[in-house]
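Structure first, commentary second.
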Amino acid sequence: MSYAALATRTAVVTGAASGMGEATARLLAAGGARVALLARRTERLDALAAEITAAGGRALAVTTDLTDQASVDAAVKTVHDAYGPVDLVVNNAGVMLPNPVADGRLDEWTRMIDTNLTGVLRIIRAFTADLVAAADEGRTADLVNVSSIASHIVFPDYAVYGATKAAVTQLSGALRTELGPRDVRVSAIEPGLTDTELGGHIDNPVLREQLGGMFDAIPAMTAEDIADLIAYTVTRPRHVNLRHLVVLPTRQA
C-alpha cells in the first residue's frame with residue numbers, strides 16, 4: 001500500500017535497529033518521511049540509514065540508550081539539530097525476558113521496566129512539546145506506542161513483561177485524555193506472535209522451546225505486517241484516531 005501522506009512527516013522510531021522498528025522506519029522513509037532512527041546498536045543503525053538514503057529516502061542514525069536520560073537528551077538535540085521538531089513518534093523499543101517470578105530475576109525485571117516503560121516515558125517527555133506544537137499548527141501529530149497482547153492475555157512466566165506492556169497500554173489510554181483534546185493522536189498497537197529478534201533474548205531453555213513450538217504451530221506475522229499497520233494508522237485523516245489496535249496471526253486470533 002502507498003502512503004503518500006507520509007511525505008510531509010518527520011518521524012522518530014525507537015528500536016530501529018531490528019524487527020518492527022527497522023521495518024517501520026523503512027516504510028515511513030519509503031513514503032517520504034524524514035526518519036530519525038534511535039537504538040543502541042550503532043552499526044545496525046548506520047547500515048539502515050545508508051540503505052534508506054541509497055533508496056532515495058531520508059534517515060538519520062542516532063545511537064541512543066533509552067535507559068539513560070543523558071543519552072536520550074543528546075539524541076533529542078541531534079534530531080532537532082538535523083530535522084527540527086517532529087510530528088510522528090513510534091515508541092517501539094522493548095525487551096522480553098520471561099522467567100518465573102519465583103526465580104527473583106531482579107536484573108531482568110529492571111531491564112524490562114527501564115526499557116519497556118521508563119524508556120517509553122522518556123521519549124514521550126522528549127517529544128510531546130513537538131507533537132502539541134505540530135497539532136497547534138493544524139498538522140497531523142501522532143504518538144504510537146507498541147505494546148503487546150501480553151498486556152491483557154496472561155502467559156505463564158511472562159508476568160513482568162506483561163506488566164510492562166499493560167502499563168504501556170494503560171499509559172496510552174490516559175495520554176489520549178490529555179493529548180486528544182489538543183489534537184494529538186495516541187495509538188496503542190498490540191501485536192501477537194511476530195517473527196522478530198525479541199525471542200532471541202530468552203535465556204530459559206524451556207520457555208525458548210515453548211516459543212519455538214508456537215512458531216512451528218502458527219504462521220507468525222512479520223515485522224513488515226506491523227510496520228504496515230503503523231503506517232496505515234498514522235496516515236488516516238487527522239480527525240481520526242485509531243486508538244487501540246490488537247493484531248494477531250489468523251491462527252492465533
Side-chain angles (χ1 to χ4, degrees), residues 5-17 20-22 24-25 27-29 31-40 45 48-49 58-94 114-147 164 167-189 227 230-231 233-236 238 241-243:
L6 291 170
T8 61
R9 308 295 296 272
T10 300
V12 167
V13 180
T14 69
M20 292 182 282
E22 178 181 353
T24 299
L27 187 53
L28 296 180
R34 300 188 300 178
V35 184
L37 315 170
L38 274 59
R40 291 176 302 148
L45 290 182
L48 177 59
R58 293 171 292 177
L60 175 70
V62 187
T63 304
T64 314
D65 180 355
L66 298 186
T67 69
D68 181 341
Q69 185 60 50
S71 178
V72 173
D73 291 343
V76 174
K77 184 178 186 307
T78 299
V79 172
H80 283 160
D81 287 348
Y83 287 162
V86 307
D87 55 45
L88 169 55
V89 175
V90 180
N91 250 327
N92 165 76
D114 285 355
T115 304
N116 299 359
L117 180 54
T118 308
V120 165
L121 285 165
R122 291 184 197 278
I123 292 298
I124 291 168
R125 176 179 181 265
F127 293 109
T128 292
D130 286 8
L131 297 176
V132 170
D136 284 346
E137 293 168 5
R139 297 187 288 118
T140 303
D142 283 288
L143 170 63
V144 179
N145 295 323
V146 178
S147 182
T164 64
V168 169
T169 295
Q170 173 66 18
L171 174 65
S172 301
L175 284 173
R176 276 190 292 274
T177 69
E178 296 184 29
L179 298 179
R182 305 187 72 174
D183 292 321
V184 176
R185 304 189 296 197
V186 181
S187 302
I189 310 287
I230 291 171
T233 298
V234 302
T235 52
R236 298 310 88 205
R238 71 185 295 264
N241 186 171
L242 298 181
R243 50 172 281 171

*Taking side chain as C-beta onward, heavy atoms only, is V79 less than 4.5 Å from V86?*
yes
*asked:* Quick one, V234 with V144, criterion side-chain contact (heavy atoms from CB on, under 4.5 Å). Give me CA distance, side-chain angles, the key distance, then yes/no.
replied: CA-CA 8 Å; V234 302; V144 179; 3.6 Å; yes
*Check whether any side-chain heavy atom of R40 lies under 4.5 Å from a side-chain heavy atom of T64, and answer yes or no.*
no
*Would you say the side chain of T24 lies within less than 4.5 Å of the side chain of N92, judging by non-hydrogen atoms?*
no
*asked:* Checking A49 now: which residues fulfil side chain to side chain contact (heavy atoms under 4.5 Å, CB included) with it, not counting sequence neighbours?
replied: L37, A59, A61
_Distance in Å, L88 CG paired with F127 CZ, rounded so as to fall on 0.5 Å steps_ = 11.0 Å
*In Å and rounded to the nearest 0.5 Å, what is the CZ to OG1 distance from R185 to T140?*
5.5 Å
*With a 4.5 Å limit on heavy-atom distance, are the side chains of V90 and T14 in contact?*
no
*asked:* Quick check: closest heavy atoms across L48 and A16, and the distance to 0.1 Å?
replied: CD2-O, 3.3 Å
_Within 6.0 angstrom of Q69 CD, more than 12 heavy atoms from elsewhere_ = yes
*For L38 and A75, which heavy atoms make the closest approach, and how far apart are they?*
CD2-CB, 4.3 Å
*Could you give the distance from CZ (R139) to OG1 (T10), rounded to the nearest 0.5 Å?*
7.5 Å
*To the nearest 0.5 angstrom, please state how far the OG1 atom of T235 sits from the CD1 atom of I230.*
11.5 Å
*Backbone of A141 reached by a side-chain donor or acceptor of R238 within 3.5 Å*: no
*Of the non-hydrogen atoms in V186 and S172, which two are nearest, and what is the gap between them?*
CG1-O, 3.6 Å
*Once you round to the nearest 0.5 Å, how far does CG of N145 lie from CD1 of I124?*
5.0 Å
*Keeping the roles fixed (side chain from N241, backbone from G180), state whether a donor-acceptor pair exists under 3.5 Å.*
no
*Can you tell me how far CG of L60 sits from CG of L45, rounded to the nearest 0.5 angstrom?*
9.5 Å
*Side chains of D130 and D87: closer than 4.5 Å at any heavy-atom pair?*
no
_For a 4.5 angstrom cut-off between non-hydrogen side-chain atoms, does I123 reach L66?_
yes
_side chain to side chain contact (heavy atoms under 4.5 Å, CB included) partner of T67, the single match among T118, T115, V72_ = T115
*Checking side chain to side chain donor-acceptor pair (under 3.5 Å) for the pair S147/T169: CA distance, chi angles, key distance, verdict?*
CA-CA 6 Å; S147 182; T169 295; 2.8 Å; yes
*Taking all heavy atoms of R122 and all of D68, pick out the closest pair and write down the distance.*
NE-N, 4.3 Å
*Answer whether the closest heavy-atom distance between the side chains of L131 and D142 falls below 4.5 Å.*
no
*asked:* Using every non-hydrogen atom in the two residues, find where P181 and R176 come nearest and quote the distance to one decimal.
replied: CD-O, 3.5 Å
*Backbone N or O of N116 within a donor-acceptor pair of the T164 side chain at under 3.5 Å?*
no
*Applying side chain to side chain contact (heavy atoms under 4.5 Å, CB included), name anything that partners A33, two or more places apart in sequence or on another chain.*
L6, R9, L28, V35
*Just by modelled atom types, is the G32 backbone N or O under 3.5 Å from a matching donor or acceptor in the R58 side chain?*
yes
*Does D81 come within less than 4.0 Å of K77, counting only side-chain N to carboxylate O?*
yes
